[in-house]
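Below you'll find the structure, written out as structure tokens, and then a few comments.
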Amino acid sequence: MELGPPGGSGPAEPGPRLRGLRGADAAASASSLSRFGAEAGCRAPAVAAVLPAGGSGERMGVPTPKQFCPILERPLISYTLQALERVSWIKDIIVAVTRENMETMKGIIQRYQHKRISLVEAGVTRHRSIFNGLKALAEDQPNCRLSKPEVVIIHDAVRPFVEEDVLLKVVTAAQEHGASGAIRPLVSTVISPSADSCLDHSLERARYRASEMPQAFLFDVIYDAYQQCSDYDLEFGTECLHLALKYSHIKAKLVEGSPDLWKVTYKRDLYAAESIIKERISQKVCVVMDTKEDEEHVGHCLEEMLKTELNHVKVTSGQDLQQIILEQCYNFVCVNVMTSDFEETQRLLNMVEESNLSILYPVVVISVHFLDYESVPLGQKMEKVMQIREFAKEAKKRNILLSGLLIYFPQEEQKLRESLRQGTTIISALIKERNSGLIGQLLVA
């Protein structure tokens, strides 16, 4: 077994999520399983997770295995690891990867600062990969450096949107029943063709469900099942719940899963996943302004316009930037009021860089400048604002997407409101699309 970074089997660490979960969130995550244990009259179980990640991505139709395909320039598997790392009560995460991809996986762990990860070599089939992951947790194996969990979660490396509530449901059900798995209603009717490709029979869709991931097992139940498993099952089987039934005589408890449990299988799924991720990280915008809230300035009008027009987005004022960054806001509108250059924007960029906010997701920063052509010569103002291109080149190296927005001022009220509305539309598009082609561009409202 080849282990990941030192300390991988230690307690939950914050990792790359901006020094991790905030204290209250981490405590809530850690206590969720403890609460179940208390309610059930038993202690909370020790939990580990196994991710088979040795697939070739044949159905994807691309040379790169799908678990390593980039979404917003970050490998898909990194998003799945992040989803599991957020759950502080998962003690160890075992990833099974092929020997040729071992160094690639180590690089991903290091670059995105993943914690609690251990690596094992994948087998030639999915079941063999899972078995290798279970062996890494079994105390009867030589050179085992991880402690055996009471419950083990098995999940797919290409299902990045799993949430803690689903993980908690399958773990608690497995503790009670021995095995558990997430299910979803069938979308299409399942039919059985005859040998001559004619319809033999169809299944009544309402009576059947699609088996999804995650699944959870008492460790001894699933490990014993794999130890007894036939070569045929190891080569051609795909359903872990079936192995628990066949070899350990455990009927799994089925738990209704959420629509987010879908698996990235085809190339089009990468675009769908990217769209979901963009939507999720676009739900909060922080407006940073170097004026006091009670001071009258057109920048406050822009902030109010953002709150009105982006009614599905939480717009906050950046009075406490450190706190806002800790809360993982990935979109900033920096209004440069007191200065005619980029002092406020540069201060924000420095804080974002120091926080490691942009390690996991691209951070959008829009530097807003109001062109007061009555007091500042147009050529002088434009010369300073055009410096944004150089700032943007450096910022892109740190995964920060910097663009500029120029709003003419002063204007009569109706024209000003129209300019602010156009500015709001531009800001919304920059945040939602995260289009790297607009980096360093100066847009005019």
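When all heavy atoms are compared, the tightest approach of Pro149 to Phe219 is O-CB, 3.3 Å. In terms of heavy atoms, Thr98 sits closest to Gly54 at CG2-O, 3.5 Å. Scanning both residues, Leu234 and Thr125, for their nearest heavy atoms gives O-OG1, 2.6 Å. Nearest heavy atom pair, residue Pro214 against residue Ile153, reads CB-CG2, 4.0 Å. Taking every heavy atom of both residues into account, Lys263 and Asp269 meet most closely at O-OD2, 3.7 Å. Scanning all heavy atoms of the two residues, the minimum distance from Ala273 to Phe161 falls at O-CZ, 3.8 Å.
Ile222 is not listed as a side-chain neighbour of Ile130, based on a closest heavy-atom distance of 4.5 Å or more. Counting heavy atoms from C-beta on, the side chains of Lys106 and Ile109 never come closer than 4.5 Å. Between Val151 and Leu218, the closest side-chain pair of non-hydrogen atoms falls below 4.5 Å. Side chains of Glu164 and Trp89 form a contact here, defined as non-hydrogen atoms less than 4.5 Å apart. In this structure, Leu51 and Leu81 have side chains that are in contact, with non-hydrogen atoms separated by less than 4.5 Å. With contacts defined as side-chain heavy-atom distances shorter than 4.5 Å, the pair Val264/Leu270 qualifies. Considering only heavy atoms from C-beta on, Val162 comes within 4.5 Å of Leu261 through its side chain. Contact annotation: the side chain of Leu167 never approaches that of Val47 to less than 4.5 Å [non-hydrogen atoms, C-beta and beyond].
A salt bridge links Glu303 with Lys307; the closest basic N to acidic carboxylate O contact falls under 4.0 Å. Using a 4.0 Å cut-off between charged side-chain N and carboxylate O, Arg145 and Asp92 make no salt bridge. We find that Asp233 and Lys246 are joined by a salt bridge, their nearest charged nitrogen and carboxylate oxygen being less than 4.0 Å apart. Residues Lys396 and Glu73 are paired through a salt bridge, judged by an N-O separation under 4.0 Å between the basic side chain and the carboxylate.
Once rounded to the nearest 0.5 Å, the distance linking CG of Leu306 with CD1 of Ile431 reads 7.5 Å. Here the OH-CG distance, from Tyr79 to Leu360, works out to 8.0 Å after rounding to the nearest 0.5 Å. Rounded to the nearest 0.5 Å, atoms CG (Leu243) and SG (Cys229) are 4.5 Å apart. Arg116 CZ to Leu146 CG: the interatomic distance, rounded to the nearest 0.5 Å, is 13.0 Å. Atom NZ in Lys314 sits 13.0 Å away from atom CG in Asn331 (nearest 0.5 Å). From Leu310, atom CG reaches atom CE of Met305 across 10.5 Å, with rounding to the nearest 0.5 Å.
Within the structure, salt bridge (charged side-chain N to carboxylate O under 4.0 Å, His left out) pairs that include any residue of residues 270-280 comprise Glu163-Arg280, Asp260-Arg280, Glu274-Lys278 (at least two apart or interchain). Every pair passing side-chain hydrogen bond (donor to acceptor under 3.5 Å, both in side chains) that includes a residue from residues 205-216 is listed here, sequence neighbours excluded: Arg159-Glu212, Ser211-Gln215, Ser211-Glu239, Gln215-Glu239.
Although no hydrogens or angles enter the test, the distance criterion places a donor-acceptor pair under 3.5 Å between the side chain of Thr80 and the main chain of Ala157. Looking at Ser358, its side chain does come within 3.5 Å of a backbone N or O of Arg398 through a donor-acceptor pair. Looking at Arg184, its side chain does come within 3.5 Å of a backbone N or O of Gly257 through a donor-acceptor pair. One N or O on the side chain of Ser355 and one on the backbone of Leu357 form a donor-acceptor pair closer than 3.5 Å. At least one donor-acceptor pair under 3.5 Å links the side chain of Gln67 to the backbone N or O of Gly55. Of the possible donor and acceptor atoms, one in the side chain of Asn132 sits under 3.5 Å from a partner among the backbone N and O of Glu121. When atom types are taken as modelled, the side chain of Arg74 and the backbone of Ile71 share no donor-acceptor pair closer than 3.5 angstrom. For the pair Ser180 (side chain) and Ala252 (backbone), a donor-acceptor distance under 3.5 Å is absent. Tyr247 places a side-chain N or O within donor-acceptor distance of the main-chain N or O of Ser230, the cut-off being under 3.5 Å. No side-chain donor-acceptor contact under 3.5 Å links Ser248 to the backbone of Leu245.
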Verdict with reasoning, Phe332 to Ile324, per side chain to side chain contact (heavy atoms under 4.5 Å, CB included): CA-CA 10 Å; Phe332 295 87; Ile324 289 170; 4.3 Å; yes
Side chain to side chain contact (heavy atoms under 4.5 Å, CB included) between Tyr266 and Lys66, intermediate numbers included: CA-CA 9 Å; Tyr266 302 103; Lys66 58 189 175 184; over 6 Å; no
Trace of the side chain to side chain contact (heavy atoms under 4.5 Å, CB included) decision for Leu134 with Lys148: CA-CA 9 Å; Leu134 295 173; Lys148 186 181 81 170; over 6 Å; no
Derivation of the side chain to side chain contact (heavy atoms under 4.5 Å, CB included) call for Val95 and Ile77: CA-CA 10 Å; Val95 183; Ile77 192 172; 4.0 Å; yes
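There is a side-chain donor-acceptor pair under 3.5 Å between Asn336 and Thr345. For the residue pair Asp224/Gln228, the side-chain donor-acceptor check at 3.5 Å is not satisfied. No hydrogens or angles considered: nothing links the side chains of Tyr112 and Glu85 as a donor-acceptor pair under 3.5 Å.
Aromatic ring orientation, Tyr226 versus Phe131: parallel (interplanar angle below 30°, classes split at 30° and 60°).
By the 6.0 Å and 45° rule, Lys267 does not stack over the aromatic ring of Tyr271.
Qualifying ring-ring contact (aromatic ring centres under 6.0 Å, His included) partners for Phe68, counting only residues two or more places apart in sequence or in other chains: none.
In the displayed structure, Lys284 atom NZ is contacted under 6.0 Å by more than 12 heavy atoms of other residues, nucleotides or ligands.
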